[in-house]
Amino acid sequence: VTLILEQIGFAIFCDPFYFIMRRSSTLLKLFSSNDGEELQNHVKRSLRQGGFHEDNFSEEVMRDAYERFLAKNPDFPALNSLRETDFSQLDATTNYETGKEKKPEIYFDYTGAMQPGKSHVMRAAELQTGLALGNPHSSNQTSTMATQWVLRAEKAVLAHMNTDSSEYEVVWTPNASGACRLIAQWFDFGKWGSGAALAISADNHNSVHGIREEALKRGAEVAYLPLDPETLHMNRAAASSILTGDFSKAKPHLKPSMIPNPFSKKAGSGKKLFAFPLQSNVSGVKHSLDWIPYAQERGWLVMADAAAFMPTNFLDLSKYKPDFITMSFYKLFGHPTGVGALVVRQEKAHLLLRKEGWFAGGTIAFNTVAGFGADREKAHEMAPGKDRFEEGTVNYANFIGVKCGLDYLKEVNNTGEHYRAKLDGAAWDPSVTGYNNMKSITLRVRQLTNYLLEELNTIHYPNGQKLVKVYGRSNIDDAKRGGTIPINIMDSNGDFVPYGLIEEMANRHHISIRTGCFCNPGIHEAYNFLTVKEVGQVLASMPDQLRRLDSTHTQWELNRCLNNNKKMLGCIRISVGFPTNFDDVYRLIVFIKSLLECDWSFDVPKYKQRVDCGVRLSQQVEVRKPQALVDDIMVVGDTIQI
C-alpha cells in the first residue's frame, strides 16, 4: 500500500513517461483507468516483441559469423576453456539456489563490475580458511600473519603497474570513491588566492566532481576542461590552454570569491591539481596518457582515475607517473568487493595533509584525554605516512583476495599470450616480464568491441533511419577507445526510445546492460551540446517543492525538458570484459536487431504531455561546430537560441 501511495504521489507531478524510463515494471501494476490500460497493453506488446525468436536466431548462422570474425582477427586470444571452467555461472541453465531451469546470463556490465573467476575465488577462500589471521594492529602471530598479507597485497598492486614501494605507496580505501574522498579532504591547495587551482575533465565520475566542493572551500579556482561533443575526448585546444594557465576556455569556471563564507586560508604557495579519467566509464574513451607529463611539466599535480581503465589495460608507472591514482579492485577481478586504493607517488605524499579535525583508531600515533584539557594542540599526534589515512582496521582478510586476483589476471593474460604465440609458431616465455602487461586481455576486448560497433552501425529501419545511436567514435582504436559503448535506441522517426524500457526488455532475456547517467553527467551534457546557460535556465525553472519531493526529480525534470527538444540525458551502456565471448556479442546483436519489430509509437496525446520546463532549446543544436561554446548563446525571453 505504501509503495502504491508513493507512486500515486509521484504521478501528481510526473507524467507516465517518467515511469516507463524509471519504473516500467511498477508502471504496469498501477494503471487502472481505461487510458492506463491502453498504455499498459502497449508497453506489454513492446516487451513481448523484443528478444530472440526462432526466425531470427540460428546457431548455425552464429557459427558462420564466428568463422568470419576469426578470419578477420586471426590473432584473437581464445579463452573458451576459461569461460567454461571459471565463468560457468554465466552459462548455467539451472538456478543455483532453487534448482529451477533458467536462461544463461548474457552479461554486458563489466564497467560496472567484473564477474569473479571461480578458480580465483576458490584459491582465495582456501587460503583464508586455512590461515589464522588476527587484527594487524598488534604483534602476535596471527596479527603478524595478517600484516604479511597486507604487505604482499601492496607489493602485488605496485608490481601490477610495474613499480615498487621506492616510488609509490598504497593507501587502502573501500573503493575508488573513497580514494577520491581522501584527495578532496586532505590535498593541500595552499594559500588562499595564491594561484591554487583544480582542473577537472568534464568527463569524470561524480566522485571526482565532488572534489570541486572542497577545493573551492580551500581557496582554489575550479576549471572544467570541455569535451569535443563528437568524439567525447577532451577538447585539445581548450585543455592545452587551461593547463597552460588560461582559464578563459574553461566551461564552467568558478573562483573561490564566488563561494560564500570560505573557512580555510592556509599559508603557503598555491598548488594546482588536474583530475581526469584514464578511460571514461561511459564512452569508453581512453584519454591520452600523455596528458600526465604535459600537465606536470606545466606545474600541475595529476590525479588519474584508473577505475575503468585498469580492468582491461596496462598502466605502466615506469613510463607515466601520475601523482595520485584511484582504483577499485572488484572492477578488475570481481572479488573481493569493498576494497580500493589510492596509490600515491612517494615524493608527493607530503601534499596530503591530515593535521586537524576528526581522527580515528589507526590514524593517530598518540592521544590523551587528560591532556586535551591542558593543551588541545598537543593532545594528539597523527600517525606518520599512509597510516594516518587508513581509518580503523583495514579490510585485511580480503587482501588475500586482492593478491590472488592480481595473480589470476596475470595467469589469464599469460594464457592468451601463450595461445597467440602458438598461432605464430613461436615459443613464449612468461618469465620475460615480471609484471602483467594485459596485452592479450586488451586485444581480446578490443576485437570483440570492434565487431559489436561494426554490427550496431549496420542496423536500419526500412526507411533508412538507424536503430542505434552510438555516442563518440563509431570505430575503435586501441589508443583511443576501450570496451565500453554508450548507445540509445531510436524509433523509425529518429526519436529516442526510453532506455529504461529497453533495459526491461533486455532483463526478460537475461541480458545485463546498464542504463542511466552512470554518475557522469558531464559526458551526457557534452553529446547533447548542452551549455552552462541552457542547464541554468532549466534548473531555474524548476519549482523548489518538486525538488524537495524527490531527490532525483531535478535529474528527471532536466531529462523531460531535453526529451521535449529531441534530446536524451542518459543512455544504454554496453561494456565488454575478457570473459565475454563471441556468442554473447552475437546474441546481443540479435536482441538489438529484434527491436526493429517493436511499435514504439505512443499515439494517445496525453501520454506525450510534459510539465512545461519553460525552456526551448534550439533544434539546430546538434549541427553546431564542436568548438562553439557558451558565447554562442543568446537568451530571448524564455527561448535560448544557439
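This is a predicted model, so every value here is computed, not measured.
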Seminar exercise, completed: Sorted by chain and number, sequence neighbours left out, ring pair (Phe, Tyr, Trp, His ring centres under 6.0 Å) with F582 holds for Y66, F69, Y451
Exercise. Can any side-chain N or O of H510 pair as donor or acceptor with the backbone N or O of N507 at less than 3.5 Å?
Worked result: no
Exercise. What residues, two or more places apart in sequence or in another chain, satisfy side-chain contact (heavy atoms from CB on, under 4.5 Å) together with K321?
Worked result: E167, Y168, R345
Problem set entry | Listed partners of E169 passing salt bridge (Lys or Arg N to Asp or Glu O under 4.0 Å), at least two apart | none
Problem set entry | Pairing residues for F333 by the ring pair (Phe, Tyr, Trp, His ring centres under 6.0 Å) criterion, not counting sequence neighbours | H120
Exercise. For Y408, is the NZ or CZ atom of R123 found under 6.0 angstrom from the centre of its six-membered ring and inside 45 degrees of the ring axis?
Worked result: no
For this session: Taking R573 for its side chain and T515 for its backbone only, find out whether a donor-acceptor pair lies under 3.5 Å.
Result: no
Problem set entry | Where N395 and G338 come nearest, the two heavy atoms and their spacing | ND2-O, 3.6 Å
Problem set entry | Note, Y320 side chain near P293 side chain (heavy atom, < 4.5 Å) | yes
For this session: Any chance you could measure L225, atom CG, to F276, atom CZ, to the nearest 0.5 Å?
Result: 10.0 Å
Seminar exercise, completed: In this structure, CD1 of I589 is separated from CD of E455 (nearest 0.5 Å) by 4.5 Å
For this session: For D203, enumerate each residue passing the salt bridge (Lys or Arg N to Asp or Glu O under 4.0 Å) test, keeping only those at least two apart in sequence or located in another chain.
Result: none
For this session: Taking all heavy atoms of L232 and all of H287, pick out the closest pair and write down the distance.
Result: O-CE1, 3.8 Å
Exercise. How far does CZ of F108 sit from CD1 of I572, to the nearest 0.5 angstrom?
Worked result: 13.0 Å
Exercise. How many angstroms lie between atom NZ of K286 and atom CG of L278, to the nearest 0.5 angstrom?
Worked result: 10.5 Å
Exercise. With K72, which residues qualify under salt bridge (Lys or Arg N to Asp or Glu O under 4.0 Å), at least two apart?
Worked result: E454
For this session: Report yes if the side chains of E105 and Q89 come closer than 4.5 Å at any heavy-atom pair, otherwise no.
Result: no
Problem set entry | Heavy atoms from other residues, nucleotides or ligands near NZ of K155 exceed 12 (cutoff 6.0 Å) | no
Seminar exercise, completed: Applying ring pair (Phe, Tyr, Trp, His ring centres under 6.0 Å) to Y471 and not counting sequence neighbours gives Y527
Exercise. Once you round to the nearest 0.5 Å, how far does OG of S440 lie from CG of N414?
Worked result: 8.5 Å
Exercise. What residues, two or more places apart in sequence or in another chain, satisfy side-chain contact (heavy atoms from CB on, under 4.5 Å) together with T142?
Worked result: A132, N140
Problem set entry | Trace of the salt bridge (charged side-chain N to carboxylate O under 4.0 Å, His left out) decision for E390 with K386 | CA-CA 7 Å; E390 295 176 346; K386 75 187 194 73; 2.7 Å; yes
Exercise. By ring pair (Phe, Tyr, Trp, His ring centres under 6.0 Å), which residues pair with W291, not counting sequence neighbours?
Worked result: Y294
Exercise. So, the side chain of N204 versus the backbone of A275: is there a donor-acceptor pair under 3.5 Å, distance only?
Worked result: yes
For this session: Look up atom CG in N581 and atom CG in L82, then write down how far apart they are to the nearest 0.5 Å.
Result: 11.0 Å
Exercise. For residues 325-339, which residue pairs qualify under side-chain hydrogen bond (donor to acceptor under 3.5 Å, both in side chains), counting only residues two or more places apart or in two chains?
Worked result: D305-T326
Exercise. Mind checking whether T85 and K118 have side chains closer than 4.5 Å, heavy atoms only?
Worked result: no
Exercise. Under 3.5 Å, is there a donor-acceptor pair between the side chain of R83 and the main chain of P579?
Worked result: yes
Exercise. Looking at residues at least two apart in the chain, or sitting in another chain, which of them share a side-chain contact (heavy atoms from CB on, under 4.5 Å) with A295?
Worked result: L243, F274, W300, V302
Exercise. Do the non-hydrogen side-chain atoms of D583 and M62 ever get within less than 4.5 Å of each other?
Worked result: yes
Problem set entry | Residues forming a salt bridge (Lys or Arg N to Asp or Glu O under 4.0 Å) with D407, sequence neighbours excluded | K403
